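As structure tokens, the structure follows; a few thoughts come after it.
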There are 2 protein chains.
Amino acid sequence: MINQKYLNTFMKLVETQHFTQTAEQLFMTQPGVTQHIQKLEKYFNTLLLQRYGKQFELTLAGEKLYQTGLKMRLLEEQLSEQINHDDPTQGHCSFACSGPLANFLYPHFISYQSLHPQLSISVEAAPNKNIINDLLTNKVDLGIVTVEVIQEQLKQTLLATEELQLILPASFAQEAKKWSFVDLNNIGFINHPDGLHFIEKVFTANFKADYKGVNSLNVKGYVNQLQQILLPVAKGLGFTILPKRAVLQFKQQDQLTVVSLEHVIEETLYLTQKRYRQLPTRYDWFESKMKMLLS
Amino acid sequence: MINQKYLNTFMKLVETQHFTQTAEQLFMTQPGVTQHIQKLEKYFNTLLLQRYGKQFELTLAGEKLYQTGLKMRLLEEQLSEQINHDDPTQGHCSFACSGPLANFLYPHFISYQSLHPQLSISVEAAPNKNIINDLLTNKVDLGIVTVEVIQEQLKQTLLATEELQLILPASFAQEAKKWSFVDLNNIGFINHPDGLHFIEKVFTANFKADYKGVNSLNVKGYVNQLQQILLPVAKGLGFTILPKRAVLQFKQQDQLTVVSLEHVIEETLYLTQKRYRQLPTRYDWFESKMKMLLS
DNA sequence: AATTAACCATAATATTTTGTTATTATGTTT
DNA sequence: AAACATAATAACAAAATATTATGGTTAATT
């Protein structure tokens with residue numbers, strides 16, 4: 001690592017062109033200046049000054065070091081100015097949530113971003129597990145997940161609840177029919193990243209007698225693209241379970257039937273973040289906006 | 001100045017998230033790491049780490065310091081890579097010379113620049129005195145002047161010689177007339193930045209008997225724009241003295257007469273640079289190009 | 001030309017800074 | 001509950017850094 005004190009002495013020397021004056025201005029003695037320059041020359045293994053008489057010119061290396069020094073000086077100045085500032089209208093904001101939620105939230109975010117162009121916003125759609133992992137590794141700052149986390153490092157606040165809907169192909173629609181686990185399992189399940197988690201919640205509440213865990217489930221497919229999960233259902237290939245907001249985003253609503261369940265299961269959305277990590281104030285707007293939109 | 005060693009320790013700590021591992025990887029002991037962080041926190045007068053148990057998260061300040069550290073690390077890497085390189089096809093080249101010469105040279109320079117877009121080229125038209133001053137203060141690296149300099153800090157090589165021409169309005173043209181100092185002084189002198197210097201050289205050689213120094217000269221005007229020096233001459237308002245190349249650049253040649261002098265005076269062009277200052281190799285092409293063009 | 005003053009380099013020494021060892025306190029895991 | 005791992009602190013050792021004293025050059029002055 002380059003010694004900044006030496007570099008500073010060098011820069012002052014370049015500016016004064018004078019060892020003794022450099023020493024005076026930096027409140028040190030002249031031999032100190034000489035030694036600093038010598039240390040730098042040893043460190044870079046190059047002459048920095050072309051000496052002649054008691055004067056000198058910079059060598060090419062010296063010139064480059066000086067230029068770099070200017071840039072470093074700038075970086076340092078900016079840092080000490082900014083290190084205790086927390087501007088709510090600039091910087092990077094990173095979010096992760098489920099696909100449907102991302103689709104829903106992102107338009108609101110970008111209209112805010114256009115008010116504050118200094119903001120940079122990234123929203124990643126991902127399943128709960130990945131979101132939690134991204135939070136733990138600081139890849140995102142704020143996540144919305146549908147599970148309570150066990151990690152002590154994370155903290156959560158309740159954002160909203162949303163109904164989980166059991167979706168059948170419209171072709172299977174039968175008024176007031178009371179569907180059983182066996183009926184559904186004959187049709188087959190279209191899985192997705194949160195699919196089994198939803199099954200567990202909805203089926204244990206509604207089909208306690210017959211449902212014996214995910215192993216007994218007839219899984220007919222899997223897809224992790226939000227827009228595509230409901231396609232096989234629409235085509236009559238199977239049923240699935242999704243949050244209401246995800247179902248509403250599907251184009252061909254007439255191809256689907258929402259089965260009304262005896263025990264309505266609400267999925268809970270938790271705003272999740274690192275417990276010991278202070279978020280910049282630029283996140284404040286997003287937090288309150290999300291609470292407003294989702295409540 | 002921020003201590004780079006401390007910063008380096010901090011960066012490693014951010015990357016390992018672990019004091020002991022940081023110490024091992026940097027071949028130091030764990031208390032050293034603790035102390036480095038403490039020194040940085042004292043220096044910035046802010047917490048950099050939010051500690052909990054034996055773990056920690058970065059504070060906002062810590063995050064900013066880490067980001068700045070990354071930039072500094074990059075600067076340093078680039079420097080140590082480049083400090084002993086001297087690429088002839090990139091970097092800044094600065095020249096100063098007389099206006100006519102600048103007009104003549106610059107087109108050749110820019111066509112070279114278009115071959116090597118990494119080059120940046122500046123050519124400044126200025127009188128000798130300014131050129132010398134700019135060289136001494138490192139504002140330009142290479143200059144062309146028409147005088148021998150006295151400063152020991154500068155070195156010169158002969159580039160070319162060029163005839164100094166005495167220019168009269170075309171209306172004054174008289175075949176084979178032998179002009180005297182008094183004739184000319186009646187017409188009056190149009191001065192320019194190098195005007196008196198040229199007068200001195202040409203008149204002492206040609207009108208030794210009558211010319212008694214610049215004080216006796218009838219100066220009718222002054223302008224330091226190359227394109228405009230010959231305008232008053234063309235209009236019949238006075239005579240002037242210019243290098244041949246400057247005269248050739250004037251549009252209305254038919255308005256001018258070049259007086260043939262008994263003693264032709266050649267102006268000498270000296271390539272001038274700092275004696276103890278090595279020029280980057282990117283100047284090599286320019287030096288040889290200029291020699292080629294002007295010889 | 002001789003003298004003086006200004007300036008930078010070097011060597012030896014003093015001082016300050018930095019790093020280490022030993023130890024304690026506090027969590028974490030078995 | 002015991003063993004282990006980790007970070008903080010204090011005291012001390014080591015290293016880095018700065019200063020004083022001095023000498024050799026170069027430039028300025030007489």
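Reminder, nothing fancy here: chain letters follow the sequence lines and each chain counts from 1. Since this is a predicted model, take the numbers as computed values, not measurements.
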- Message: Taking the nucleotide of DNA chain C with the nearest heavy atom to each, does Lys5(A) or Gln21(A) sit closer to the 5' end?
- Response: Gln21(A)

- Item | Span of DNA chain D, from the first to the last nucleotide whose atoms fall under 4.0 Å of chain B heavy atoms | dA5(D) to dA10(D)

- Note on the structure: Gln55(B) atom CD is separated from dT26(C) atom C1', nearest whole Å, by 13 Å

- Message: From OH of Tyr276(A) over to P of dG27(C), roughly how many Å is that when rounded to an integer?
- Response: 10 Å

- May I ask you to say what Tyr6(A) touches in the nucleic acid, namely base, sugar-phosphate or nothing, with a heavy-atom cut-off under 4.0 Å? sugar-phosphate

- What pairs with Ser98(B) under side-chain hydrogen bond (donor to acceptor under 3.5 Å, both in side chains), at least two apart in sequence or on another chain? none

- In whole angstrom, what separates Phe19(B)'s CZ from dG19(C)'s P? 15 Å

- Message: Given 3.5 Å as the limit, does a donor-acceptor pair link the side chain of Arg282(B) with the main chain of Pro88(B), or not?
- Response: no

- Gln278(A) side-chain N/O to Leu60(B) backbone N/O, donor-acceptor pair under 3.5 Å: no

- Message: Less than 4.0 angstrom between a side-chain N/O of Arg51(A) and OP1 or OP2 of dA9(C), yes or no?
- Response: yes

- Message: We want to know whether Glu200(A) and Thr204(A) form a side-chain donor-acceptor pair, criterion being a heavy-atom distance below 3.5 angstrom.
- Response: no

- Query: Do the non-hydrogen side-chain atoms of Leu105(B) and Val123(B) ever get within less than 4.5 Å of each other?
  - Reply: no

- Query: Phosphate oxygens OP1/OP2 of dT18(C): is one of them under 4.0 Å from a side-chain N or O of Asn3(B)?
  - Reply: yes

- Item | Within residues 27-42 of chain A, residues whose heavy atoms come under 4.0 Å of DNA chain C | Gln30(A), Pro31(A), Thr34(A), Gln35(A), Gln38(A)

- Item | Sidechain N-carboxylate O distance under 4.0 Å for Glu57(A), Lys155(B) | no

- Query: Looking at Glu41(A) and Arg51(A), does any basic side-chain N land under 4.0 Å from a carboxylate oxygen?
  - Reply: yes

- Query: Okay, side chain of Glu76(A), backbone of Ile2(B): is any donor-acceptor separation there less than 3.5 Å?
  - Reply: yes

